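These numbers come from the heavy atoms of this one structure, side chains and all, not from hydrogens, waters or symmetry mates. Model, not experiment: these values are computed from the prediction. A, B, ... follow the sequence lines: proteins, then strands. Residue 1 opens every chain.
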2 protein chains.
Amino acid sequence: MVNRSIALDTVFHALADPTRRAVISRLLMGSAPVKQLAEPFEMGLPAFMKHLSVLETSGLIRTEKRGRVRTCRIDAERLAAAEDWLSEQRALWQGRTDRLAAFVESRNPPEERP
Amino acid sequence: MVNRSIALDTVFHALADPTRRAVISRLLMGSAPVKQLAEPFEMGLPAFMKHLSVLETSGLIRTEKRGRVRTCRIDAERLAAAEDWLSEQRALWQGRTDRLAAFVESRNPPEERP
DNA sequence: TCTACAGTTCGCCACATGGTGAACCGATCC
DNA sequence: GGATCGGTTCACCATGTGGCGAACTGTAGA
């Protein structure tokens, strides 16, 4: 799926920043308005909003504006997608190294060690 | 740990590109020289080498030059680190939503549905 | 030795990213 | 109604990213 690949692009890119990962961690404890989320960080609102929009277009969070306050909450589905990709790759790796170990054990050639 | 955070930065950034993810997937089936890795992609060697160096500085792969050919292989440790972070976050989320479900069940307020 | 081949380095370019400050908009509160 | 507060938009800037082609290096093979 091309879509899935693009989704992984945006999700991993969103996660590749400590500020955004901190926002995720914070939102895991419950939804919060933008101002409150931005408080711990030493940057202006505009910069922080860019981080939020990266998170939102990646699908990791959803936001809703009611009155003048925008509330953010997490959407764990994309988090799971990223985790799935990683665990899939690691499973392949695990299987391959297991087979490799078996192979080495079965032949065990005295390899040169320079 | 600050180091761990930087490691996550570079690992997630490395994974946020379809070319680099494809290289990872390819390397899961066994190590390979640069030329062979670059073959499937429609870009020049210099561009491809940049991808490789991103992967290497992230610690996701290791390379070794013997003679004139540089061989690349995977290092699954960082892959596991990324997976760990994600599963940790998801576990927190899971725990929180479980508690939330219990809370909602115990109170069950008839929320407005617009 | 000469040639071809695998990487590497270099300079360049277009565009994305991450930040700033200032001005602005719309909802709330006194 | 006017001040304030939460967001938003705008113009701008420095830096990083991802690509190119051309020139270079060093090893292998004929």
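- Residue B/D9 contributes atom CG, which lies 14 Å from atom C1' of D/dG16 at whole-angstrom precision.
- A side chain to side chain contact (heavy atoms under 4.5 Å, CB included) with B/W93 holds for exactly one of A/I24, A/I74, A/L27; it is A/I74.
- Atom CG of B/L37 and atom C1' of C/dA6 are 13 Å apart (whole Å).
- Not one side-chain nitrogen or oxygen of B/H51 sits closer than 4.0 Å to the OP1 or OP2 atom of D/dT17.
- Summary for the helix from C/dT1-D/dA30 to C/dC30-D/dG1: the axes at its two ends, each from 5 pairs, differ by 20° when rounded to the nearest 10 degrees.
- Both A/L45 and A/F41 are members of a single hydrophobic cluster when ILVMFWY side chains are connected at heavy-atom separations under 4.5 Å.
- Sorted by first and then second residue, the pairs that involve residues 23-48 of chain A and meet side chain to side chain donor-acceptor pair (under 3.5 Å), not counting sequence neighbours, are A/S25-B/Q89.
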Please list each protein N or O that sits under 3.5 Å from an N or O in nucleotides 6-10 of chain D, with the distance.
residue, atom, partner, partner atom, Å
D/dG6, OP2, A/K35, NZ, 3.0
D/dG7, OP1, A/V34, N, 3.4
D/dG7, OP1, A/R70, N, 3.3
D/dG7, OP2, A/K35, N, 2.6
D/dT8, OP1, A/R70, NE, 2.6
D/dT8, OP1, A/R70, NH2, 2.8

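- Applying the side chain to side chain donor-acceptor pair (under 3.5 Å) rule to pairs touching residues 75-86 of chain B yields A/R90-B/E83, B/R62-B/D75, sequence neighbours excluded.
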Under the side chain to side chain contact (heavy atoms under 4.5 Å, CB included) criterion, do B/L60 and B/T10 qualify, and how do the steps go? CA-CA 9 Å; B/L60 283 169; B/T10 61; over 6 Å; no
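- A distance of 9.0 Å separates CG of B/L55 from SG of B/C72, quoted to the nearest 0.5 Å.
- Between the CZ atom of B/F41 and the P atom of D/dG18 there is a distance of 14 Å, given to the nearest Å.
- The distance from atom CG of A/L86 to atom OG of B/S87, rounded to the nearest 0.5 Å, is 9.5 Å.
- Put simply, CG on B/D17 and NE2 on A/H13 are 11.0 Å apart, with the number rounded to the nearest 0.5 Å.
- Of the N and O atoms on the side chains of A/T63 and A/E56, at least one donor lies less than 3.5 Å from an acceptor on the other residue.
- You'll find the side chain of A/L8 reaches within 4.5 Å of the side chain of B/R21, heavy atoms only.
- Using a 4.0 Å cut-off on heavy atoms, the residues of residues 10-28 of chain B that approach DNA chain D are B/H13, B/D17, B/R20, listed by number.
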Test side chain to side chain contact (heavy atoms under 4.5 Å, CB included) applied to A/R73 and A/I61, step by step: CA-CA 6 Å; A/R73 61 191 172 82; A/I61 70 170; over 6 Å; no
Do A/L79 and A/V11 pass the side chain to side chain contact (heavy atoms under 4.5 Å, CB included) test, and can you show the C-alpha distance, the side-chain angles, and the key distance before you say yes or no? CA-CA 8 Å; A/L79 218 55; A/V11 167; 5.8 Å; no
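- Shown for residues 52-63 of chain A: no residue has heavy atoms falling under 4.0 angstrom of DNA chain C.
- Here the straight-line distance linking atom CG of B/L52 with atom CG of B/L37 works out to 6.5 Å at 0.5 Å rounding.
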